[in-house]
Enquirer: 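Have a look at this one.
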Amino acid sequence: MAVQVLITGFAPFGGEKINPAWEAVEILPDQIEGANIVKAQLPVLFGRGAEVLAQLVAVHRPEITICVGQAGGRAAVAVERVAVNLRDAAMPDNSGNAPADEPIMADGPAAYFSNLPTRAMAEAIRAQGIPAVLSYSAGTYVCNDVMYHLLYWIDKRWPQMQGGFIHVPYDISQAAGKPSPPPSLPVPVIARALEAAIGAAVRARRAEAGVSV
Ligand code: PCA
């Protein structure tokens with residue numbers, strides 16, 4: 001059975017016309033390293049984004065789930081290692097909700113680590129000649145909300161699943177529209193980075209399962 005990978009991007013938010021995370025996810029191939037790639041978009045909504053993800057996991061039963069979000073201003077693709085149990089919005093989500101100082105899960109730990117091979121994923125991106133870093137904060141906005149929920153479910157409900165999060169820079173078209181242009185990467189390059197990261201995660205899963213490719 002082919003490994004099933006669920007990969008999500010987000011809708012645009014914060015006044016942007018596009019979200020490079022979704023644009024890149026959308027153009028990924030349907031197969032990477034022999035794994036099936038299921039792509040979906042999540043809404044930029046506290047709570048609801050995670051609910052949509054839970055439905056997708058329940059339907060598609062992926063072995064690997066990777067969510068991808070825009071981190072405007074970052075200069076590299078960031079493979080996130082940690083999600084924290086905190087909602088603290090610097091700007092409202094797409095429904096105008098801006099929670100402050102709230103836990104995500106009353107019965108959850110302060111933080112979770114991703115159980116994906118994050119270092120190998122970052123190295124695989126760099127091997128493509130694309131800047132990549134390991135990141136120790138996914139923020140306290142909707143991306144962290146979704147990542148925390150994902151790791152909470154892996155802990156409580158779906159222990160066979162691996163999950164994590166990747167933040168990506170602005171697309172060059174977004175940077176070009178700003179008076180003091182922040183760092184950016186073209187969407188096709190971001191897609192290549194995601195493909196490399198997914199490939200590394202799939203290879204590691206197979207190696208662990210002892211399955212020959
Ligand atoms: N980035 C936001 C939420 C949606 C997205 O693409 C974040 O970093 O929280």
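Worth knowing before you read on, the calculation uses all heavy atoms, side chains too, and leaves out hydrogens, waters and symmetry mates. Every number for a ligand or one of its atoms is a count from 1 in the order of the listing.
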Enquirer: Looking only at heavy atoms, is any part of Asn19 under 4.0 Å from ligand 1, and if so is it the side chain, the backbone, or both, or is it neither?
Expert: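 It is the side chain that gets close, since no backbone atom is under 4.0 Å.
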
Enquirer: Can Arg157 and Val57 be said to form a side-chain contact (heavy atoms from CB on, under 4.5 Å), step by step?
Expert: CA-CA 11 Å; Arg157 253 202 257 175; Val57 170; over 6 Å; no

Enquirer: Going by the order shown, which atoms of ligand 1 are within less than 4.0 Å of some heavy atom of Phe10?
Expert: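 In order of number, 4 (C), 5 (C), 6 (O).
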
Enquirer: Mind checking who shares a hydrophobic cluster with Val59, ILVMFWY linked at side-chain heavy-atom distances under 4.5 Å?
Expert: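 When side chains under 4.5 Å apart are linked, Val59 ends up in no cluster with other residues.
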
Enquirer: Rounded to the nearest 0.5 Å, what separates atom CZ in Arg192 from atom CD1 in Ile125?
Expert: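 Nearest 0.5 Å value for the CZ-CD1 distance: 11.5 Å.
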
Enquirer: Over 60° means perpendicular and under 30° means parallel, so classify the ring planes of Tyr141 and Phe13, tilted if in between.
Expert: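 Because their plane-to-plane angle lies in the 30° to 60° range, the rings of Phe13 and Tyr141 count as tilted.
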
Enquirer: Short list, please: which atoms of ligand 1 are under 4.0 Å from a heavy atom of Tyr141?
Expert: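 The list of qualifying atoms is 2 (C), 3 (C), 7 (C), 9 (O).
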
Enquirer: Have a look at Gly69, Cys143, Cys67 and point out the one with the heavy atom closest to atom 7 (C) of ligand 1.
Expert: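 Of the listed residues, Cys143 has the closest heavy atom.
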
Enquirer: From Asp155 CG over to Met105 CE, what is the distance, rounded to the nearest 0.5 angstrom?
Expert: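 The CG atom of Asp155 sits 10.5 Å away from the CE atom of Met105.
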
Enquirer: Polar-atom distance check: Gln70 versus ligand 1, any N or O pair below 3.5 Å?
Expert: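 Among all N and O atoms of Gln70, at least one is under 3.5 Å from an N or O of ligand 1.
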
Enquirer: What's the shortest distance from atom 8 (O) of ligand 1 to any protein heavy atom, and which residue and atom give it?
Expert: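 Its nearest protein heavy-atom neighbour is His167 NE2, 2.8 Å.
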
